[in-house]
Amino acid sequence: MKKIKYLIYGFLSIMMISCGADFLEPLPESAISSVGYFQNDEEIETGVIGMYDAIQGVNSNNLDDNFSIQREYYLTEMRSDNTRTKSSEGEAAQFESYNVTASNGIVSNYYISFYEIIYRANLVLENLDAASEAKSPKFEGEAKFVRAYAYFNLVRLYGDIPLIDHLIGPLEKEIAFTRVPSSEIYDLIISDLKISIQNLDNSFKNRASKAAAQSLLAKVYLTLGTNYSEAQTLLESVITSGEFSLESNFKDVFYTENNDEVIFAIGYTSDLSSESQNISAEWLNSVGRTSGVNYVTADARLALDAKGGNRTEYSYRQDMAQPTQYQVVKYLPNGDSSLDIEPTSSNPELAGNDWIIIRYADVLLMHAEAILAGGQETSATAAINSFQKVRDRAGLTETVTTITKQDLLDERRVELAFENHRFFDLVRFGAAQEVLSAFSSMNDYSFSATDLLLPIPQREINLSNGIMQQNPGY
């Protein structure tokens, strides 16, 4: 990961050697022992970097590898009305048609990948005694941010899940496989993020920061539909910090690394198999492992054409090889001369584009959402100011006087298109059932209410020996 690699590969090698074959098994994936390794700040730092390495995922076509966020778009964008496969074939097409099965390998890989992230965070937390007094709070803040981030994604995608907040042994199957109420998961998330806010500053963009923790906690409160005033306060702390701003050129958000708009991003380095990503290569026409996924739906194109302003040309483009199809433009690895986008790597499957998880435009729109506080509209000056800034950057400078809930949902769709927010936004705004039902009917898909949660991977059900139960509808 850019600028923060130290001894991570040595650390991971030690873990692999010490754990043997068990390292690759789902049980005890949160129970791996590295006793004796962590003796000082430098060694704990390798564990900290290992957390981000796990989020980064492995750039590989080996299905035994943890892809992590490199396959997240299947579970988010392709389960919304934003994207689909080009061919409507294979396991990938299950997401667009709402026919996901419990044996789907992408569903399973993501689940395992994110529990690996949680394991690595727990590993750091249980070795803080070896850290210096000066470094320990920051290590704790980073580990708790990463754990909260992982659990937030898991609980929104899978519902009730096992809560593993410490290292466990291989025989502790009850902990590893017992699904606890989502409320307990959210309690841990909130607690972790509050500590992260206390312990961190804004030194990093490719690692946890105070602003990232504030932004994420605000989104947690918005998701729960509670504590809107605290969400507003958290977001205003980020806004008034003066450390972040909108890029004047929308293209630069995605093609100028570590810009002023980025709050938290996962870093990648081009042309290095161990440090690159093939996310965006998969979105091209027969360049990556697939023949084209995350292709833009007609519905999303209509929304961007109507409300995207100058964001539209940097959000989707026509596939020149198949002119009836349309591709995502954000994060193009091989560039586009017509859009003045330079290639980010010599091989699109070894792309170096960082993946942005939290950016300032999201904060501004969440700020308006917090002020709306679950209502149908607002004319509050603070909400309008934040909303207007995002629209002004898009060249949509007509003065806004009132923001409706639908206005905000529409603006989030075109501003954050194809960044893995749309599905979560629909659920949080209470619009998923209506929007996805209509979209499904229009495209002859089979959406039902139970599709708002993914299945628990069947391999986890099987390994639990009757402890773990499946989500309804699967």
Side-chain angles (χ1 to χ4, degrees), residues 57-63 65 67-101 104-107 109-110 254-255 268 270 276-305 308 312-339 341 343-353 355 413 416-423 439-440 442-445:
V58 180
N59 183 352
S60 163
N61 293 327
N62 185 340
L63 298 180
D65 289 331
F67 301 137
S68 197
I69 63 166
Q70 297 197 41
R71 297 291 181 270
E72 187 174 272
Y73 61 87
Y74 284 102
L75 282 59
T76 51
E77 290 296 312
M78 287 178 59
R79 286 171 67 223
S80 77
D81 49 356
N82 268 2
T83 65
R84 56 175 177 78
T85 61
K86 181 164 66 72
S87 63
S88 298
E89 295 175 351
E91 189 175 60
Q94 291 180 15
F95 297 98
E96 70 190 48
S97 60
Y98 305 102
N99 282 311
V100 180
T101 66
N104 185 289
I106 300 166
V107 170
N109 190 281
Y110 191 88
F254 310 99
Y255 294 101
Y268 293 96
S270 60
S276 59
Q277 49 95 339
N278 65 3
I279 302 171
S280 38
E282 299 293 287
W283 304 348
L284 300 174
N285 195 332
S286 301
V287 173
R289 179 176 51 89
T290 70
S291 61
V293 291
N294 216 37
Y295 266 55
V296 182
T297 64
D299 196 79
R301 297 200 313 273
L302 287 172
L304 282 159
D305 290 347
T312 302
E313 66 176 332
Y314 294 111
S315 297
Y316 82 87
R317 68 177 183 182
Q318 187 178 49
D319 181 351
M320 297 308 294
Q322 291 181 265
T324 61
Q325 305 287 343
Y326 295 85
Q327 300 168 317
V328 172
V329 168
K330 294 175 181 178
Y331 304 110
L332 284 175
N334 58 349
D336 186 323
S337 59
S338 68
L339 296 173
I341 297 172
T344 65
S345 62
S346 60
N347 178 349
E349 293 188 78
L350 299 174
N353 313 62
W355 181 262
R413 185 182 193 184
L416 301 167
F418 321 123
E419 297 177 48
N420 298 354
H421 293 282
R422 176 63 172 170
F423 181 84
F439 178 71
S440 178
M442 183 171 61
N443 291 279
D444 199 26
Y445 296 153

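- Residue Phe254 holds its CZ atom at 10.5 Å from CZ of Phe418, rounded to the nearest 0.5 Å.
- Every residue two or more places apart in sequence or in another chain that forms a side chain to side chain donor-acceptor pair (under 3.5 Å) with Gln325 is listed here: Arg84.
- The distance from atom OG of Ser337 to atom CD1 of Ile341, rounded to the nearest 0.5 Å, is 10.0 Å.
- Heavy-atom minimum distance, Asn82 versus Ala300: O-CB, 3.6 Å.
- Applying the salt bridge (Lys or Arg N to Asp or Glu O under 4.0 Å) criterion to Arg422, with sequence neighbours excluded, gives Asp81.
- Checking side-chain atoms of Thr76 against main-chain N and O of Phe423 turns up no donor-acceptor pair under 3.5 Å.
- Judged as a side chain to side chain donor-acceptor pair (under 3.5 Å), and not counting sequence neighbours, Ser68 has no contacts.
- Between the side chain of Asn443 and the backbone N or O of Tyr445, no donor-acceptor pair lies under 3.5 Å.
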query = Under the side chain to side chain contact (heavy atoms under 4.5 Å, CB included) criterion, do Glu77 and Val328 qualify, and how do the steps go?
reply = CA-CA 11 Å; Glu77 290 296 312; Val328 172; over 6 Å; no
task = Step by step, work out the side chain to side chain contact (heavy atoms under 4.5 Å, CB included) result for Gln327 and Leu284.
result = CA-CA 7 Å; Gln327 300 168 317; Leu284 300 174; 4.3 Å; yes
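- Note that CD of Glu313 is 8.5 Å distant from OG of Ser338, once rounded to the nearest 0.5 Å.
- For Thr290, the side chain to side chain contact (heavy atoms under 4.5 Å, CB included) test picks out Tyr74, Glu282, Val293, with sequence neighbours left out.
- Annotation for Glu349 and Asn59: closest pair O-ND2, 2.8 Å, computed over non-hydrogen atoms.
- With sequence neighbours left out, the salt bridge (Lys or Arg N to Asp or Glu O under 4.0 Å) criterion links Glu96 to no other residue.
- Closest non-hydrogen pair, Tyr268 versus Ile279, comes out as OH-CD1, 4.5 Å.
- Evaluation of the ring pair (Phe, Tyr, Trp, His ring centres under 6.0 Å) rule for Tyr295 yields no partner, not counting sequence neighbours.
- At least one side-chain heavy atom of Asp299 sits under 4.5 Å from a side-chain heavy atom of Phe439.
- With sequence neighbours left out, the side chain to side chain donor-acceptor pair (under 3.5 Å) criterion links Ser345 to no other residue.
- The main-chain N or O of Thr344 is found under 3.5 Å from a side-chain atom of Ser270 such that the two form a donor-acceptor pair.
- A distance-only check finds a donor-acceptor pair linking the side chain of Lys330 to the backbone of Ala417 [under 3.5 Å].
- Atoms OG and CZ, from Ser315 and Arg413 in turn, are 11.5 Å apart once rounded to the nearest 0.5 Å.
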task = For side chain to side chain contact (heavy atoms under 4.5 Å, CB included), just list the numbers for Asn109 and Leu63, CA-CA rounded to whole Å, side-chain angles, deciding distance to a tenth of an Å, and then say yes or no.
result = CA-CA 8 Å; Asn109 190 281; Leu63 298 180; over 6 Å; no
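- By the 4.5 Å heavy-atom criterion applied to side chains, Asn278 and Arg71 are counted as neighbours.
- Ser346 pairs by the side chain to side chain donor-acceptor pair (under 3.5 Å) definition with Asp271, not counting sequence neighbours.
- Note that CD of Glu419 and CH2 of Trp355 are 7.0 Å apart. Values are rounded to the nearest 0.5 Å.
- Considering Val100, Ile106, Thr101 in turn, Ile106 is the only one that fulfils the side chain to side chain contact (heavy atoms under 4.5 Å, CB included) rule with Glu91.
- The heavy-atom pair separating Pro333 from Asn353 by the smallest distance is CA-OD1, 4.0 Å.
- Residues passing the ring pair (Phe, Tyr, Trp, His ring centres under 6.0 Å) test with Tyr326 are Tyr316, sequence neighbours excluded.
- Ser88 contributes atom OG, which lies 12.5 Å from atom CD of Gln94 (distance to the nearest 0.5 angstrom).
- For the pair Phe95 and Tyr73, the minimum side-chain heavy-atom distance is 4.5 Å or more.
- Checked against side chain to side chain contact (heavy atoms under 4.5 Å, CB included), Asn99 has the following partners two or more places apart in sequence or in another chain: Ser97, Ser446.
- More than 12 heavy atoms of other residues, nucleotides or ligands shown are found within 6.0 angstrom of CE on Met442.
- Taking Asp319 as the reference, nothing meets the salt bridge (Lys or Arg N to Asp or Glu O under 4.0 Å) condition, with sequence neighbours excluded.
- Applying the salt bridge (Lys or Arg N to Asp or Glu O under 4.0 Å) rule to Asp336 yields the partners Arg317; only residues at least two apart in sequence or on another chain are considered.
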